[in-house]
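Being a predicted model, the structure only gives us computed values, none of them experimental. In what follows, every chain begins at residue 1, and chains take the letters A, B, ... in the order their sequences are listed. All heavy atoms count here, side chains included; hydrogens, waters and symmetry mates do not.
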Number of protein chains: 2
Amino acid sequence: MKTHRYTHARPSVSIDCAVFGYGDGLLKLLLIRRAADPYKGKWALPGGFIHEDEASDHTVSRVLFDKAGVKRVFFEQLYTFTSTNRDPRGWVISVAHYALVKSAGHQPVAGKGAEEARWFDVKELPSLAFDHKNIVQTAMNRLKGKVRYQPVGFELLPVKFSLTELQQLYEAILETALDKRNFRKKILGMGLLRELGEKQVNVAHKAAKLYRFDAVKYKELTNKGFHFEL
Amino acid sequence: MKTHRYTHARPSVSIDCAVFGYGDGLLKLLLIRRAADPYKGKWALPGGFIHEDEASDHTVSRVLFDKAGVKRVFFEQLYTFTSTNRDPRGWVISVAHYALVKSAGHQPVAGKGAEEARWFDVKELPSLAFDHKNIVQTAMNRLKGKVRYQPVGFELLPVKFSLTELQQLYEAILETALDKRNFRKKILGMGLLRELGEKQVNVAHKAAKLYRFDAVKYKELTNKGFHFEL
DNA sequence: ACTTCTTAGTGTATTTTTTACACTTTATGT
DNA sequence: ACATAAAGTGTAAAAAATACACTAAGAAGT
């Protein structure tokens with residue numbers, strides 16, 4: 001442990017992560033059941049302490065993999081929570097993040113410190129440990145805001161998706177109905193979706209065309225001053 | 001000092017604050033010249049360590065007052081910087097904030113740890129200590145984004161202001177020219193400005209009407225689903 | 001083969017919002 | 001009274017957002 005010339009008391013610093021997924025037309029949140037005190041048995045966001053000389057991004061990747069088996073996902077910093085009484089163990093600051101994973105279809109794996117891990121419909125969350133309810137609320141507001149002016153929604157869908165799936169995702173996040181024709185006009189008009197020439201298979205009705213998000217094109221347009229907006 | 005049951009190494013945690021002001025038609029940033037190593041003599045953002053069991057908001061208020069004599073200003077969390085090499089003293093995480101102060105007219109007072117404090121035009125910043133250049137860049141981007149969909153610009157103006165002053169402020173932040181008539185139509189159309197029935201004094205031309213931002217009305221409208229947008 | 005069911009896919013007219021643009025008014029200073 | 005400087009004001013054209021309903025395709029059941 002590096003010595004500090006300054007004698008300030010130092011808080012423990014953790015990260016907590018609100019991991020969102022999308023499945024069955026619902027926006028979902030990944031929670032783990034705590035295997036140890038404090039709040040043993042309670043549902044909580046996956047989280048953990050920042051290791052020495054570890055940047056928080058690294059902590060997030062590590063924690064998501066260790067606690068929930070989640071790998072290579074999109075995430076961003078959300079807010080740093082510093083209330084002095086937020087953790088019964090003492091002075092713990094949390095750098096909260098939110099993450100978006102493709103497909104909340106299959107069960108997450110409970111890892112270290114977790115008795116159980118599973119997806120919850122964001123509208124039916126259980127009571128949560130620490131100040132995690134607060135963090136979740138912050139994360140949902142952020143997601144709702146962000147999804148409208150940055151193309152982050154695609155992180156929640158499989159690489160190949162239909163326009164209806166995309167629309168339903170937006171409807172779930174924004175909690176409003178969108179007009180089908182207007183939605184398509186707008187999203188296709190941006191030129192960010194590449195039509196794959198493939199169609200859905202194993203559907204009991206007309207198969208929809210599949211598209212993918214063209215990240216390269218997005219960067220190109222962004223550099224030219226384009227602003228995504230839904 | 002509270003004992004921790006957990007033996008994790010703990011970083012020092014500081015706050016740094018990008019304080020913006022507006023004067024002479026220019027967006028300005030408050031910097032202090034460091035009185036001590038590291039980076040003694042270099043310009044830097046006002047900042048300081050979080051004290052034990054102190055929430056970061058409190059640290060911000062304290063630091064701004066102690067280092068720069070700034071009191072009762074609007075501020076918000078910006079981002080938490082966690083690169084492991086950002087401070088030569090060792091492992092120091094910084095919860096960066098930005099603040100908006102009314103009138104960058106008068107000189108700030110250099111306080112503890114500062115040899116000097118003064119306003120810089122954001123377009124003519126000196127080289128900065130630590131990763132503060134990075135923080136400033138983040139803060140400016142945030143401000144530019146925020147000012148368009150939240151009425152934070154008013155925090156940079158005196159309580160009473162003319163529409164031209166308001167427009168020029170927006171032009172300085174957004175770095176674009178705005179059409180006078182369209183700007184007025186839009187901003188007055190929101191119904192957030194209270195006309196005070198007063199006029200400018202001591203101006204060598206037609207005096208402009210003065211307005212103030214009506215925060216109560218804004219809350220009211222916001223609750224009804226109104227979204228500020230410029 | 002035909003019918004039924006379910007979702008995909010498509011265009012237009014109306015309303016609203018955004019943009020572009022120039023002259024008159026009011027006050028001060030000489 | 002004249003020059004100077006910024007305040008204040010309306011309208012027409014273009015663009016964007018909205019509202020809205022039927023046909024097409026494919027699978028499943030009879």
ask   = In whole angstroms, how far is the P atom of C:dG9 from the CD atom of A:Glu165?
value = 11 Å
request  = Using the closest heavy atom to pick a nucleotide of DNA chain C for each, name whichever of B:Asp179 or B:Glu229 lands nearer the 5' end.
outcome  = B:Glu229
key: Expected output: side-chain B:Thr82 to main-chain A:Ser56 donor-acceptor under 3.5 Å   = yes
Rounded distance (Å) that lies between atom C1' of D:dA7 and atom OH of B:Tyr211 = 10 Å
inquiry  = Counting only side-chain nitrogens and oxygens, does B:Arg181 get under 4.0 Å of the OP1 or OP2 atom of C:dC21?
reply    = no
message = Heavy atoms only, 4.0 Å cut-off, all strands: where does B:Lys209 land among base, sugar-phosphate and nothing?
response = sugar-phosphate
Integer-rounded Å distance: C:dA8 C1' and A:Phe183 CZ = 14 Å
Interatomic distance where CG belongs to B:Leu178 and C1' belongs to C:dA20 [whole Å] = 14 Å
message = Has A:Asp179 got a side-chain atom pairing as donor or acceptor with A:Asn182's backbone, closer than 3.5 angstrom?
response = yes
remark   = Assign each of A:Ala208 and A:Asn182 the nucleotide of DNA chain C bearing its closest heavy atom; nearer the 5' end lies the nucleotide of A:Ala208
task = Starting at atom CD1 of A:Ile187, determine the distance to atom P of C:dG9, rounded to an integer number of angstrom.
result = 15 Å
inquiry  = What is the distance, to the nearest angstrom, from the CG atom on A:Asn202 to the C1' atom on D:dG26?
reply    = 13 Å
request  = Return the nearest nucleotide to the side chain of A:Arg184; candidates are C:dT10, C:dC21, C:dA27.
outcome  = C:dT10
key: Interatomic distance where CG belongs to B:Leu166 and P belongs to D:dG8 [whole Å]   = 13 Å
inquiry  = Let me spell it out: for each of B:Ala204 and A:Ala207, pick the nucleotide of DNA chain D with the closest heavy atom. Which residue's pick is nearer the 5' end?
reply    = B:Ala204
Distance test, side-chain N/O of A:Thr164 to OP1/OP2 of C:dT7, below 4.0 Å = no
inquiry  = Just N and O in the side chain of A:Lys186: are any of them under 4.0 Å from OP1 or OP2 of D:dA17?
reply    = yes
Separation of atom CG in A:Leu230 from atom C1' in D:dA17, rounded to whole Å = 12 Å
Pair B:Glu175 + B:Lys123: basic N to acidic O under 4.0 Å = yes
note = In terms of heavy-atom contacts, A:Ala44 and A:Ala129 come closest through CB-CB, 3.9 Å
request  = Identify, between B:Leu210 and A:Lys206, the residue whose nearest nucleotide on DNA chain D lies closer to the 5' end.
outcome  = B:Leu210
inquiry  = Would the distance check show the side chain of B:Gln77 and the main-chain N or O of A:Tyr79 forming a donor-acceptor pair, the cut-off being under 3.5 Å?
reply    = no
request  = Could you tell me whether the side chain of A:Lys180 has a donor or acceptor atom within less than 3.5 Å of a complementary atom in the base of C:dG9?
outcome  = yes
query = Using a cut-off of 4.0 Å on non-hydrogen atoms, how would the nucleic acid contact of A:Lys185 be classed: base, sugar-phosphate, or nothing?
reply = base
